[in-house]
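I have placed the structure first, in the form of structure tokens, so that the comments after it can refer back to it.
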Amino acid sequence: TQLLEQSPQFLSIQEGENLTVYCNSSSVFSSLQWYRQEPGEGPVLLVTVVTGGEVKKLKRLTFQFGDARKDSSLHITAAQPGDTGLYLCAGVEYGGSQGNLIFGKGTKLSVKP
Amino acid sequence: GAGVSQSPSNKVTEKGKDVELRCDPISGHTALYWYRQSLGQGLEFLIYFQGNSAPDKSGLPSDRFSAERTGGSVSTLTIQRTQQEDSAVYLCASSHPDRVSYEQYFGPGTRLTVT
């Protein structure tokens with residue numbers, strides 16, 4: 001059983017469309033992070049959310065941490081081809097081993113011009 | 001500033017041979033992680049080093065896998081008697097000790113192909 005479930009697994013959209021990807025768990029996380037990974041490179045940290053209900057914005061990207069700290073979402077407004085990549089959520093489970101960051105399997109986003 | 005570096009970037013080896021993968025973390029980062037990523041998949045945790053503490057080896061898939069970290073800096077992941085299922089991208093990440101959320105900074109990875 002995957003501790004962090006990401007959906008959808010694949011997403012192909014046209015430039016200018018909006019999209020939301022989800023990261024869900026039955027466990028509580030003390031913090032949750034979103035990374036983006038491009039082909040041939042390692043994941044790059046986009047944001048960390050630590051407080052239930054927290055919303056963070058990074059240009060056209062909006063991240064939300066669920067009130068119960070069990071889920072998170074990433075919303076992209078007016079997607080651009082440069083947003084293409086694998087989006088990974090990762091979290092530190094509440095009470096879990098320090099430093100053991102649990103990763104979801106990712107959402108592969110393709111934005112066509 | 002310098003990020004996490006890994007070498008080699010690509011490694012092709014024959015089944016049964018041993019391989020060593022190297023990771024240089026960001027200076028000052030005391031936490032170091034190894035992950036494995038199969039094609040199009042998420043990250044599989046392998047091992048975690050934090051300062052001088054005993055490493056968390058709970059993710060190593062078999063006793064053919066081992067890792068060490070010398071002087072609290074450079075780390076080497078060794079895979080003995082490689083098998084075809086070991087083919088994957090091996091990612092290293094480091095983390096600053098003061099970051100409670102353990103945000104990780106990744107290297108570009110080593111792509112291992114076992115023929």
Side-chain angles (χ1 to χ4, degrees), chain A residues 1-11 21 23 25 29-51 54 56 63 65 69 72 84-110, chain B residues 3-10 21 23-26 29-51 53-60 69 88-112:
Chain A
T1 303
Q2 187 73 17
L3 197 57
L4 276 172
E5 298 279 353
Q6 289 192 243
S7 61
Q9 198 172 351
F10 300 97
L11 191 55
V21 299
C23 177
S25 178
F29 286 84
S30 55
S31 68
L32 213 144
Q33 301 160 22
W34 285 91
Y35 294 81
R36 182 171 74 205
Q37 183 178 23
E38 298 186 27
E41 299 180 8
V44 174
L45 179 68
L46 296 174
V47 78
T48 299
V49 286
V50 296
T51 306
E54 181 176 5
K56 282 193 174 179
F63 304 86
F65 201 12
R69 292 187 291 152
S72 181
T84 293
L86 179 68
Y87 288 81
L88 295 158
C89 68
V92 177
E93 194 177 7
Y94 186 77
S97 171
Q98 281 191 335
N100 190 351
L101 199 62
I102 298 166
F103 280 84
K105 290 192 173 183
T107 293
K108 193 167 185 179
L109 172 65
S110 174
Chain B
V4 176
S5 61
Q6 291 186 245
S7 61
S9 55
N10 281 284
L21 312 180
C23 172
D24 277 277
I26 293 172
H29 282 194
T30 59
L32 187 147
Y33 311 77
W34 283 98
Y35 296 91
R36 178 168 70 176
Q37 186 175 34
S38 299
L39 188 63
Q41 297 295 308
L43 275 63
E44 176 188 3
F45 167 78
L46 296 177
I47 190 169
Y48 158 58
F49 296 90
Q50 172 60 286
S53 302
D56 177 355
K57 303 180 182 180
S58 60
L60 295 178
R69 189 177 184 192
V89 175
Y90 289 81
L91 290 161
C92 173
S94 69
S95 180
H96 192 279
D98 290 340
R99 298 309 298 261
V100 174
S101 56
Y102 285 87
E103 296 163 349
Q104 299 187 6
Y105 296 84
F106 285 84
T110 293
R111 180 175 297 279
L112 175 66

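Letters A, B, ... mirror the listed sequences (proteins, then strands); counts begin at 1.
Taking chain B as the reference chain and counting heavy-atom pairs below 4.5 Å, the highest number among A:P43, A:G40, A:G106 is found for A:P43.
Contact annotation for B:L43: both backbone and side-chain heavy atoms come within less than 4.5 Å of a heavy atom of chain A. With a 4.5 Å cut-off on non-hydrogen atoms, A:Y35 touches chain B through its side chain but not through its backbone.
Between A:G104 and A:L88, the shortest heavy-atom distance links the atoms O-CD2, 3.5 Å.
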- Task: Give the intermediate values and the outcome of side chain to side chain contact (heavy atoms under 4.5 Å, CB included) for residues A:L46 and A:F63.
- Result: CA-CA 10 Å; A:L46 296 174; A:F63 304 86; 4.0 Å; yes
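A 4.5 Å side-chain heavy-atom check between A:R36 and A:W34 finds every atom pair outside the cut-off.
Side-chain atoms of B:T30 and B:Q50 form a donor-acceptor pair, as typed in the model, at a separation below 3.5 Å.
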